[in-house]
Amino acid sequence: MTTPLRIASWNVNSLRVRFEHVLRYLEQAQPDVLCLQETKVEDHKFPAEALAAAGYPHQLISGQKTYNGVAILSKHPLVDPQLGFTVPHPAGLDDEQRRMVAATVSGVRVFCCYVPMGTAPGHAKFTYKLQWLARLRGELNQLAATEPVLVCGDLNVALGELDTWDAVSTDGSILCHPHERMVLRKVMDWGLHDAFRALHPDERTYSWWDYRGGAYPRNRGFRIDYVLLSKPLLERCVASRTWADTRAWEPTASDHIPASVDLS
DNA sequence: ATGGTAGTAATACTA
């Protein structure tokens, strides 16, 4: 018997604004690994020393000015770090958007993803979203689903009826369009399982509430932040949860809350 | 009720 490995993911919507919240969450949840999205900070401004002092000396960061930005913080060494996709872009284009990093931690290949939101179905950014997810599937195709693989992050898709505050009124709109659901399913068809849904098949839980329209006080949320596990990791998964209290933290919290798994 | 709020950075742009 050993202590489970806790791996968490959180879209913080600016690491510099949310820095105190991140420290508070690390102290409270004590994850072994925290994957961050929307850090919105260039690498040379990343608060690396302060996070190392908080117990997370192993860091993989890929940021940019203003938008996007992802990072992995870890108590344990990060092996084979990867910045973005290794599989070339299908059209030969360079994607400047910093949306994915990956590393192996305690034998687990961890992908930290910030999937494009897509603006609205039919929009050019929606096409980019679908292509980005297809490229993620291509990346996974390089690996074997019998390996311990974890894909987490803000996936910006609400997969099912329990993952949206109102399945009828949100159906077909962004986060809930059949095309994006189908493409995320194709990613998962590689051999990934939604850890939270596997352990809580009937639980209605959200991970994101829009700042606008009083969505949080009205509980108009969506579950769009996931931890996906390959089968050998699903068999080791003893807990999967979200951390809803963070959404009410002051000052203004991220519009997303963390999601985590515990692996025996 | 295609609005609303938040972050970045400088009047929009993205979410």
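The chains referred to below are lettered A, B, ... by the order of the sequence lines, with proteins before strands, and numbering in each begins at 1.
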| field | Comparing K125(A) and R18(A) on DNA chain B - which has the more 5′ nearest nucleotide | value | R18(A)
| query | Do the ring planes of H256(A) and W208(A) sit parallel (below 30°), tilted (30 to 60°) or perpendicular (above 60°)? | reply | tilted
| query | Are any side-chain N or O atoms of D163(A) and backbone N or O atoms of G160(A), one a donor and one an acceptor, separated by less than 3.5 Å? | reply | yes
| query | Between K65(A) (NZ) and dT14(B) (P), how many Å, whole number? | reply | 16 Å
| request: May I ask you to say what R247(A) touches in the nucleic acid, namely base, sugar-phosphate or nothing, with a heavy-atom cut-off under 4.0 Å? | output: nothing
| note | From the candidates dG7(B), dA9(B), dT5(B), the one with an atom nearest any side-chain atom of R16(A) is dA9(B)
| message | Rounded to whole Å, please give me the gap between NE2 in H123(A) and C1' in dT2(B). | response | 14 Å
| query | Which whole number of Å gives the distance between the C1' atom of dA6(B) and that of dA10(B)? | reply | 16 Å
| Rounding to a whole Å, what distance do you find between Y211(A):OH and dT5(B):P? | 13 Å
| Options dA15(B), dA6(B), dT14(B), nucleotide nearest the side-chain atoms of Y67(A) | dT14(B)
| message | Below the 4.0 Å mark, does dT8(B) have OP1 or OP2 next to a side-chain nitrogen or oxygen of S14(A)? | response | yes
| query | What nucleic acid atoms does Y114(A) come within less than 4.0 Å of, heavy atoms only: base, sugar-phosphate, or nothing? | reply | sugar-phosphate
| Between atom CG in D210(A) and atom P in dG7(B), what is the gap in whole Å? | 13 Å
| For the student: nearest non-hydrogen atoms of R18(A) and T252(A), plus distance | NH1-O, 2.6 Å
| query | How would you label the contact of R220(A) with the nucleic acid (heavy atoms, under 4.0 Å): base, sugar-phosphate, or nothing? | reply | nothing
| note | The residue, N156(A) or A253(A), whose nearest nucleotide of DNA chain B is more 5′ is A253(A)
| query | Does a nitrogen or oxygen in the side chain of T119(A) sit under 4.0 Å from OP1 or OP2 of dA15(B)? | reply | yes
| task | Apply the side-chain contact (heavy atoms from CB on, under 4.5 Å) test between S106(A) and each candidate in I7(A), D32(A), V33(A), L5(A); give the one that qualifies. | result | L5(A)
| Check: W243(A) ring centre within less than 6.0 Å of Y25(A) ring centre | yes
